[in-house]
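These notes are about the structure you will find just below.
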Amino acid sequence: MPELPEVNTFQRYFDETSLQQKIVEVEVSDEKILRNLSGPAFRDRLINRTFTGSYRRGKYLFGELDNGHHLLLHFGMTGDLNYYQAPEDRTRFERFAFHFNNGFRLGFDDPRKFARIVYIEDLPAYIDEVPLGEDALRISEADFLAKMIGRKTSLKGFLLNQGHLAGVGNLYADEICFQARVHPGSVVDAIPDEVRVRLFQKMQEILQYAVDRQAYYKEYPEDWLWQWREEGRPGPDGIGVMERATIGGRTTYFCADYQVFYGH
DNA sequence: TGTGATGTTGAATG
DNA sequence: GCATTCAACATCAC
């Protein structure tokens with residue numbers, strides 16, 4: 001479930017379990033998600049190393065190594081971390097695991113294999129190359145507004161573009177549009193300034209709220225769109241019904257009578 | 001059995 | 001060259 005708040009929770013988990021411990025073994029059970037190294041090369045690079053910290057930008061989590069290099073942990077659609085001691089606690093879809101010198105292991109699970117693990121020697125160069133925009137929770141209002149200028153794409157497409165803004169995924173994008181009362185198919189260029197500011201504020205508010213609850217969605221308010229992503233359900237205030245459409249290439253839920261469309 | 005899924009990307013198109 | 005769209009990726013769960 002990895003969008004910005006979920007990855008933030010993964011980072012916390014990683015920091016609490018896996019820092020300052022020497023990696024004594026690297027077990028690769030499926031090298032498919034290793035993007036720039038073979039299984040054996042990955043093992044060679046990580047063995048006897050220690051994670052000293054981490055850096056998150058959007059949905060990208062970078063583990064800092066004691067040699068100054070980084071390891072990208074990108075969770076794709078179904079990635080997850082699992083820290084455990086007993087070998088039988090290994091999960092069904094573990095793709096690789098680090099064994100630490102304290103006897104515990106950090107497993108990386110990923111049923112769908114859309115995750116990507118990249119060994120990085122020069123982090124700024126890598127971020128530049130992706131390219132990865134500013135983190136959605138750290139970007140300034142001025143920079144957010146500047147990114148919107150001249151965009152002909154849909155609002156949803158804009159929010160999902162990690163090169164403009166890093167961290168917003170399909171569900172949070174819908175939530176932001178919903179709470180800001182803007183139709184996700186609106187043309188960015190046609191959205192008035194005050195509405196753009198509202199989008200920025202809602203984005204930060206929603207993401208921060210989720211981060212504060214460690215992305216535990218059961219603690220989210222009942223009136224959040226997430227709780228009822230369902231076609232035909234009544235919209236808020238008894239206005240219209242929820243609709244479903246493909247916008248920005250992704251399944252999108254919205255209420256056309258509640259969310260204003262801006263276009264040409 | 002068919003369908004859709006919290007993400008990214010490279011090729012195609014404008 | 002740049003912005004945008006879209007199929008493809010691999011697999012599971014309903």
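Chain letters run A, B, ... following the sequence lines, proteins first and then strands; every chain starts at 1.
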Closer than 4.0 Å, any side-chain N/O of A/Lys152 to the OP1 or OP2 of C/dT4? no
Proximity to the side chain of A/Asn170 - top-ranked nucleotide from C/dT11, B/dA5, B/dG7: B/dG7
In whole angstroms, the gap separating C1' of C/dC14 from CZ of A/Arg229 amounts to 17 Å
Inspect the surroundings of OH in A/Tyr216 and state if more than 12 heavy atoms from other residues, nucleotides or ligands are less than 6.0 Å away. no
With nearest nucleotides of DNA chain B determined for A/Arg244 and A/Lys59 from heavy-atom distances, which residue corresponds to the more 5′ nucleotide? A/Arg244
Need one value for A/Gly169: base, sugar-phosphate or nothing, where a base atom within 4.0 Å counts as base even if backbone is also close, heavy atoms only. sugar-phosphate
Taking OP1 and OP2 of B/dA5, is either one under 4.0 Å from a side-chain nitrogen or oxygen of A/Thr78? no
Between B/dT6, C/dA13, C/dT4, which nucleotide gets closest to the side-chain atoms of A/Arg92? C/dA13
Give one of base, sugar-phosphate or nothing for A/Arg151, where a contact means two heavy atoms less than 4.0 Å apart. sugar-phosphate
Does a side-chain N or O of A/Arg112 approach OP1 or OP2 of B/dG7 to a distance below 4.0 Å, or not? no
In DNA chain C, stems of three or more consecutive pairs, Watson-Crick or G-U, each with both distances under 3.5 Å, turn out to be B:2-5 with C:11-14, B:7-14 with C:2-9
Under 4.0 angstrom between A/His74 side-chain N/O and B/dG7 OP1 or OP2: no
Side chain of A/Leu171 only, please: which of B/dT6, B/dT8, C/dC9 is the nearest? B/dT6
